[in-house]
Amino acid sequence: MTLRDSGPDTGGGVLEARLVSLSREDFARDVWGRAPLLTRGASDFSDLLSASAVDELISRRGLRTPFLRVVDNGSPLPESSFTSPGGVGATIADQIDDTALWRSFAAGSTLVLQALQRTWEPITEFASRLGTELGHPVQANAYVTPPQSRGFDDHYDVHDVFVLQIAGSKRWTVREPVHPDPLSDQPWTLHRAAVVDAAREMPCIDTVLEPGDVLYLPRGWLHAAEAQGSVSIHLTLGIHNWTRYALAEQLAQSALALLRADPEMRGSLPLGTSGPGDDLTLVRKRLVAALADSDPTPAFHRTRRSQSRPAPMGPLAQLAAVDNLAPDTPVRLRHALAARLEGARLTTRVGWLDLPTEDLPSAHQVLDEDVHKAGDLGLPFVERLLRAGVLVAAEP
């Protein structure tokens with residue numbers, strides 16, 4: 001197990017600058033997917049979230065479930081206990097009722113703000129940058145726990161997490177996995193008895209996180225947390241890991257797609273068959289050959305694009321960019337698009353465009369994500385990509 005207690009590193013990307021004290025290379029080699037890592041005083045996270053931001057999200061943003069959950073003694077409360085209709089002009093029955101929420105919180109319940117990468121702009125940008133850097137999608141949840149309260153009992157997650165302590169303090173206990181590297185369909189409840197038994201053992205980490213501290217936990221590591229003498233706010237960045245098993249699924253799907261085109265493979269088994277018989281030998285041979293010929297890369301990228309969203313784009317600002325387009329208009333690729341050129345086709349999270357040969361040099365230029373003048377790229381090309389939501393206006 002790797003457990004380090006050290007100050008922040010100010011270089012590199014999001015990972016090095018704000019979350020860990022190691023270089024990206026050292027983190028990848030020694031820690032990623034292998035062991036917990038504790039970094040004291042990693043960063044000031046007040047730009048991402050604060051107590052006032054939590055209050056604004058809950059009381060002024062019209063949040064609906066499932067963007068918020070309430071947990072009492074490890075069990076989620078029914079949504080009806082903290083939601084109500086939105087009032088005049090809002091025919092919505094499940095908006096957050098801040099009075100009911102306050103009463104639950106005052107009684108000791110933990111508030112869980114979910115998918116903050118969708119609802120809070122500073123976290124939207126941060127999570128997008130981190131996801132691009134790690135190559136794995138990132139979700140952000142905040143846990144707001146009253147003093148001396150415990151959110152969830154010992155459990156494990158099916159994704160890696162970075163725990164960022166925002167305010168207050170929280171005691172964390174961490175234990176080794178009972179089911180290492182769980183897949184997304186292998187939650188801790190499938191191993192409940194083993195988790196309960198392991199929770200009785202001495203933890204390998206028993207520590208209190210203070211504001212600015214970061215704890216990294218690979219998927220499968222058991223953990224539980226309890227607020228100390230004041231309200232605790234921590235942000236959990238869930239890293240939804242791409243696995244070799246997921247790649248195997250993509251490979252198998254690609255091979256099956258090839259077999260669909262084979263008339264012999266589409267043929268029926270013999271009349272009166274009671275099992276695979278001799279046909280299994282033929283099918284296995286053809287399947288092995290299809291696996292050898294398959295390329296799962298396109299399917300991998302399609303699935304990867306579908307698991308995250310592009311950067312927010314305002315429709316009014318986008319219309320103004322189209323209407324005011326001029327040769328000196330600065331434009332750039334919309335962030336987090338996962339854009340790729342596959343031959344003459346530009347594929348992105350918002351769809352694909354087939355480009356004429358003369359536009360391919362401009363397409364290669366915008367993929368660098370730098371700012372370019374529209375006239376240098378070609379006004380018709382830029383207008384087409386603005387209308388498609390691929391390019392956006394940039395600051396001059």
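- Within 6.0 Å of CG in D278 there are 12 or fewer heavy atoms belonging to other residues, nucleotides or ligands.
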message: side chain to side chain donor-acceptor pair (under 3.5 Å) for D94 and T65? Distances and angles first, verdict last.
response: CA-CA 7 Å; D94 63 347; T65 57; 3.3 Å; yes
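- The ring-ring contact (aromatic ring centres under 6.0 Å, His included) test applied to F381 returns no partner, not counting sequence neighbours.
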- prompt: Would L258 and S294 count as a side-chain contact (heavy atoms from CB on, under 4.5 Å) if you check the C-alpha gap in whole Å, the side-chain angles of each, and the deciding distance to 0.1 Å?
  reply: CA-CA 8 Å; L258 290 178; S294 295; 3.5 Å; yes
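- Residue R332 places its CZ atom among more than 12 non-hydrogen atoms of other residues, nucleotides or ligands, all under 6.0 Å distant.
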message: For a side-chain contact (heavy atoms from CB on, under 4.5 Å) check, start with the C-alpha distance between V158 and L183, then their side-chain angles and the critical distance, and finish with the verdict.
response: CA-CA 6 Å; V158 294; L183 299 173; over 6 Å; no
For residues 202-213, run the donor-acceptor check on the side chains, cut-off 3.5 Å, and write out each pair with its distance to 0.1 Å, sequence neighbours left out.
residue	atom	partner	partner atom	Å
D206	OD1	R171	NE	2.8
D206	OD1	R171	NH2	3.4
D206	OD2	R171	NH2	2.6
T207	OG1	R40	NH2	2.6
D213	OD1	G41	N	2.9
D213	OD2	R40	NH1	2.8
D213	OD2	E210	N	2.8

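- Between L282 and E264, some side-chain heavy-atom pair lies under the 4.5 Å cut-off.
- In this structure, H223 and R175 have side chains that are not in contact, with every pair of non-hydrogen atoms separated by 4.5 Å or more.
- Looking at L237 and V161, their side chains never come closer than 4.5 Å, going by heavy atoms from C-beta outward.
- Atom CD of E121 sits in a sparse spot, with 12 or fewer heavy atoms from other residues, nucleotides or ligands closer than 6.0 Å.
- Listed by chain and residue number, H136 satisfy the ring-ring contact (aromatic ring centres under 6.0 Å, His included) test with W32 (two or more places apart in sequence, or in another chain).
- T243 and N241 share no donor-acceptor pair across their side chains, judged by distance under 3.5 Å alone.
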query: Which is it for W172 and H234 under the side-chain contact (heavy atoms from CB on, under 4.5 Å) test, yes or no, and what are the steps along the way?
result: CA-CA 12 Å; W172 284 76; H234 79 262; 3.8 Å; yes
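- The minimum heavy-atom distance between A140 and Q117, with the atom names listed, is N-OE1, 3.0 Å.
- Using a 4.5 Å heavy-atom threshold, the side chains of L259 and R286 count as touching.
- The closest side-chain heavy-atom distance from L68 to I58 is below 4.5 Å.
- Few gaps surround CZ on R266; more than 12 heavy atoms of other groups in view lie less than 6.0 Å from it.
- Between the side chains of S232 and Q165, at least one donor N or O sits under 3.5 Å from an acceptor N or O.
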task: Tell me, with the steps shown, if R18 and D47 meet side-chain contact (heavy atoms from CB on, under 4.5 Å).
output: CA-CA 12 Å; R18 306 206 61 179; D47 60 316; 2.9 Å; yes
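- Taking all atoms of both residues into account, the shortest heavy-atom contact from D55 to S59 is O-OG, 2.6 Å.
- Checked against ring-ring contact (aromatic ring centres under 6.0 Å, His included), H240 has the following partners two or more places apart in sequence or in another chain: H159.
- The side-chain hydrogen bond (donor to acceptor under 3.5 Å, both in side chains) contacts involving residues 180-193 comprise H179-Q186, where partners must be two or more places apart or lie in separate chains.
- Under the rule for a side-chain contact (heavy atoms from CB on, under 4.5 Å), the partners of A199 that lie at least two apart in sequence or sit in another chain are D154.
- The neighbour count for R387 CZ, taken as heavy atoms of other residues, nucleotides or ligands under 6.0 Å away, does not exceed 12.
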